[in-house]
Structures are given as C-alpha cells and as structure tokens.
Amino acid sequence: MTVLKQEGWKELMSNIFEKIREQVVSVTNKAFLSCEKKGSIPGITLPEMSIETPRERGFGDFSTNIAMQVAKQAKLPPRKLAELLVSEMDFSGTYIERVGIAGPGFINFYLNKDWLYDALKIIQKMRERYGEVDLGKGKKVNVEFVSANPTGPLHMGNARGGALGDCIAGVLNKAGYDVTREFYINDAGNQIERFGLSLEARYLQHFLGEDHVEFPQDGYHGEDIIDHAKNYIEKYGDALLSKTTEQRQKALVDYALPINIENIKKTLSSYGIEYDVWFSEKSLHESGAVHKTIEFLKENGYTLEKEDAIWLNGEKLGLEKDEVLVRNNGIPTYMAADIAYHRNKFITRGFDWVIDLWGADHHGHVARMKAAMTPFGVDKEKFEVVLFQLVRLFRNGEVARMSKRTGKAISLGDLLEEVGRDAARFFFNLKTSGSHLDFDLDLAVKQSNDNPVFYVQYAHARICSILRKLAEEGIAPRPVEEVNLTLLKEKEEEELIRKLSEYPEEIILSAKSLEPSRLTRYVMDVAANFHSFYNACRVKGEEEELMYARLVLVDCTRIVIKNILELIRIEAPEKM
RNA sequence: GUGCCAGUAGCUCAGUAGGAUAGAGCAACGGACUUCUAAUCCGUCGGUCGGGUGUUCGAAUCAUCUCUGGCACGCCA
C-alpha cells in the first residue's frame, strides 16, 4: 500500500481541526495497513483522504468517504470495506470515542468532549494571536488595490475594491504571509492629459464665459474640476491667461494633482486603509524603467513594428491580437507602463506572489498582463488578479450613474459621511467578489437596525457588559486549568465552542480562496451562536464553578469577535 | 459576433478540489423581557438549485448545449 503525502496537514498549533484530521487520517491509514496484513483487502493506493464535518450532528463530528473512493480498487462494496476498516481501528491516544458506518459507506467519527476543551484552551492561551496559521510561511506577497486615477474623488468601485483588498491583505497577513499593501498612482499618461485639458477649460471658462470655451469631449465633467480651477484663481489670479496652453495645463495639473492625491489618502485613511507603498507611475517613466522594459521585450523578439508604432507580439505570447506598447507619437501606452510596473514588483522587488484587484470591467486585461510577464520568467501562478464585479448604486429604486465624469456620482467620502466606516466596510465585505453588488443608498443611509454590523457589534458589547458587571464584583476569567469545563453541557454552549474552534480553519479557507467575505459571514455566525447562548444560559449569578466555566467561554467568544473585527477594521464597541 | 462573470426560497445572498434530508438573513406569521443590554432569542411558512442532455454508486457543484442579465473586446485606462 502507498500512502500519499497529506499536503498542508502539518501541525498547526492554533488549529484544532488540523490535529483532529491528523488523528482521523492516521487511524484510518493504520486500519488499511492492518487489513492488508491480514489479507482481507488487496494492496491499494490511497488518494488524499478528505475529512469533512457532516451537516447532521447525528453523523458524527467528522467523517470520511474513503471507503467509497477506493471500493473499486479494493474490489469490495463500500459498506463492506468500511466495516473491515472499522473493525481494525485503534483509537488510543486520540479524541475519537467511537465510529459508525452510514449511508452508502461513510465512516463517521464521534469524538469525546476533550477537543472542545482544548479548543478553548488554545483560544485563551493565544488570545489576540488566535487564528494565526502558517500557510504563507513568510512569503512576500504584494496586494495592490484601489489604485484609482487621481483625477477625481473615489467612487463606489474603489470603495468595494478598497474593502476587499484591505481584507485580503489582512487575511493573508493572518495566514502567515509577509504582506505589502500598495496603491499605484496613475499620475502619468492620457488621463493626466485629459485632466489638464479639463482644468484648463474650466480655468478659461471662468474668465471668458462658458459659451466661449469649448469643454473637451472626453474631459472630466465633475464639479471638482471647476472647484480646482476656482481655487487656483483665488490663489494665483489670472496669470495663466498670458501663458501657453502647455504651461497653463502643467501649472494647473501641478496644483490640482497633489491635492487630489492627498484627498484620496485622507479618504482611504478614514476608510481604515493604511498603505505600505504609494507607487507612482510617473516614476517608472522618469527612471527609464518603462523604456528599459520595452527595450528588453524588443531585444528578445516579443515586439513588432507596424503603422509607426511598437506592438507587443500577440501571437508569440499566445494572445488573440497584438497590443500597442508605444504609440506612433512616441508615447508609451498604459500597457507598457503596467508591464514595467509588474516587472518592478516581481524582478526588482522580488515578490513571491503578486495580487492585483481590478474591477470586472478590466477583465480583458488579465490574459494580456499575465502573458506579458512570461518574457521576464515570471511563473503565471505567482500573478493573481482578483476581479470584483462593479457596484450599482440605487436611489429611489433607480440605478444611479456612478461615473465620475458625469459629476453626479456619490463618492466614497460621501458614503463614509452618511453611513460610516463600519457599515460601509461590512457591507462591501458581505458578498463574494464575483457577485454583483447592488448598493441601495437609501437603505445604507438609513442606518437601520437590520444592518448586520450592529448584530455583531451588539454581541461584543453584550459580552463586555457581562465582563464589566462581574468585574465590579471582583470576578475575572480564570485560566482553563483552574476551571471545570465539563460543566459546559448545554447545547448552546457546545455549539458556540465548535464555532469558535473553526476560526483558524476559516482563515485558511479565506486565504486560499482570497474571499474574506467568508470571514464576515463567519463572525455573524459567531455572534448568532453567542446570542443563542446568551438567551439560554446565564453567567452572573450561577453557581460558582459553572459561572467560571461560562466565563471562559464568554471571554473566548469576545477574543474571537474582537480579533475578526480588528482584522476587517471595524469597531468593536464595549458599550452600545 | 467572440470572450469573462453571474442565474439557488417572495427579496438579498451562502454553499463548486462531487457526498448523506440544499442553508442563512430579511420579509410574513406565532411566541419569549421582575434576572448579566429585547439592537436579542425560540418556532412556523417558504425550493422544477434558469432549462435540456451527458459523466457515476452519488451532480447546485464536472462536461456539453441552450435561455436570461451584466461587462469587455481602442495607438483608453
């Protein structure tokens, strides 16, 4: 018999599930060996064993379908094979109390309660570090998100990308990666050109009248452009009227761009996002990195020249078409800069893993960028793009346009003022990135009680209230070693402990899928289990031994909730 | 036209390395506060998993076809 390596099932201190899985796998493997030795089953190759938690508690705490999977190989009916295995199992030294066979051939494992007590012990011992796992093994990962054009305020797409990216970064950090949060400032190129044209038009309109100055067709129509022009005039007057167009645009851009970038920084900061790196696109042009990147591609035969432009050779990279890198006017495209930027991330700065968050409207860019990195020897697996579906705003039941060009959009700053950071972040992290998000402004602005963020925060405040009341009587949680946890016999108590024990597992799954929204839903489950417990059991006023046992449970629940809310940067209030 | 994402309860959504009777919140209805915060809890109602075919012990999950919605296909980013 060959036992395949159990990938990722290394000993993880904080994760009781890992320990249990190891025990189940080990017990089952030994049973296979034992059966083989006796000749009751032929030699077989075991696939990686999947251990799951059955939906129904009656089917045990954990189960495996291994008997069904290898029934053919063993030339035995699944149930018969399961029976043979079970008869050879030795549970000594494990949490396993008994096993059962059910359905088409599932082997169900029933555990004794020690694992629940151990789970609480781990939480109390690790406290704010509970949930940390070593999935990443210190690998350097760069998470780039928002990266909005600094030509205007942040919109709802940025808001979703911001919440998602920041939480992905938080989860990966918890999962043992060395995370860098990064914002790519598009302070060069065409959109800056249009920004300058728009500012100039508003500037001139101020003096010459709106009807006498044509506004650029693809310009930025937002009010903020008019404000910039007005503010500039207030400060510096009409001096630019006598300058050349070029000088005028440069002066206006030099004035307005830093203000926009500063506003973006402020807004994101009040949204709870702190970046490690603000990376300027302009710097890539100025340092010659873009030029060098294009030269590299040229020298290695990845480019074509046609129609007076330099193109990325699509055929050679397995793409459907060629892409322009340098326009016929000699100016590199956004794509050229983006290739240089990612080359910088991988080659210059040596990240092991690069994650970009893009709105789904950029999905066409994914294959291109991934292909464009192969000439630099970057493994495609190291470059991941998380696409999130765009946000649709609803007002009075109607879709509200959110383009910053229309000037009618509600900005992230507006949203934060209206609904607050907690509700906004929670809301944007409730759904998987792939699902469309309809943001009902009326509902969000209402700050109604059905907002799930209050539900979770209330659970935390309730716990703090219990702890506070007991503290007033000089009572504080004791170390589990001094507490009789076997008194926690109620259904609600057990369910709550089980839920708390799943946290490290949730971190692993969130990190692997890059879906932190599952953490948001998980913490709602924790809160729900706590509220049920709260309504079924009392802490204060119970007989002392029981009170101290419940106090451990309550304190552990507080730790988990606080822990997650801190990770997703939402307030954990002690009073509400 | 081609490609990407989505379609699961009245509404908003979970659930996809195939598993046992498909879940939650909201809404609706009925209950629970002299006791640590009722912003809570308990219960009831609610389903052709868009549709068809296939793969197999077993499909919301995989393959294929099809319908519907959103998005992308630029010397824009």
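Letters go in sequence order (proteins before strands), and every chain restarts at 1.
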Q.
So A:K575, base contact, sugar-phosphate only, or nothing? Heavy-atom distance under 4.0 Å.
A. base
Q) Roughly how many Å is it from CG in A:D361 to C1' in B:C73, rounded to a whole number? A) 13 Å
Q) Taking the six-membered ring for Trp, does A:H362 stack with B:A72 (centroid gap under 5.5 Å, planes within less than 30°)? A) no
Q.
Closest approach to the side chain of A:E48, judged atom by atom: which nucleotide of B:G74, B:A17, B:C76 is it?
A. B:A17
Q) Salt bridge between A:R498 and A:D525, side-chain N to carboxylate O under 4.0 Å? A) no
Q: Taking the side chain as every heavy atom from C-beta outward, state whether A:Y522 and A:K499 have any pair of such atoms under 4.5 Å apart.
A: yes
Q) With both distances under 3.5 angstrom, what nucleotide forms a Watson-Crick or G-U wobble pair with B:G10? A) B:C26
Close N or O pairs between protein and nucleotides 27-36 of chain B (under 3.5 Å):
unit_1 : atom_1 : unit_2 : atom_2 : d
B:U35  : O2'    : A:R538 : NH2    : 3.1
B:C36  : O4'    : A:R538 : NH2    : 3.3
B:C36  : O3'    : A:K469 : NZ     : 3.4
B:C36  : O2     : A:V539 : N      : 3.4
B:C36  : O2     : A:K540 : N      : 2.8
B:C36  : N3     : A:V539 : N      : 3.1
B:C36  : N4     : A:Y534 : O      : 3.0
B:C36  : N4     : A:C537 : O      : 2.5

Q | Atom-to-atom span, CZ of A:R21 to P of B:A17 - whole angstrom | A | 14 Å
Please write out the pairs of protein N or O atoms and N or O atoms of nucleotides 19-23 of chain B separated by less than 3.5 Å, giving the distance to one decimal.
unit_1 : atom_1 : unit_2 : atom_2 : d
B:G19  : N7     : A:N65  : ND2    : 2.9
B:A20  : OP2    : A:R55  : NH1    : 3.1
B:A20  : N6     : A:S63  : OG     : 3.0
B:A20  : N6     : A:N108 : OD1    : 2.9
B:A20  : N1     : A:N108 : OD1    : 3.2
B:A20  : N1     : A:N108 : ND2    : 3.2

Q. Less than 6.0 Å separating the ring centroids of A:Y184 and A:Y341?
A. yes
Protein-nucleotides 2-8 of chain B N/O pairs closer than 3.5 Å?
unit_1 : atom_1 : unit_2 : atom_2 : d
B:G3   : N2     : A:H363 : NE2    : 2.8
B:C5   : O2'    : A:Q389 : NE2    : 3.0
B:C5   : O2'    : A:G434 : O      : 3.1

**Q.** Candidate nucleotides B:C42, B:A39, B:A77, ranked by approach to the side chain of A:N190 - the nearest
**A.** B:A77
Q.
Using the ring centroid of each side chain, check whether A:H460 and A:F530 are separated by less than 6.0 Å.
A. no
Q. With a distance cut-off below 6.0 Å to the six-membered ring centre and an angular limit of 45° from the axis, does A:R160 pair with A:F428 as a cation-pi contact?
A. no
**Q.** Rounded distance in Å - CD (A:E506) to C1' (B:A14)
**A.** 12 Å
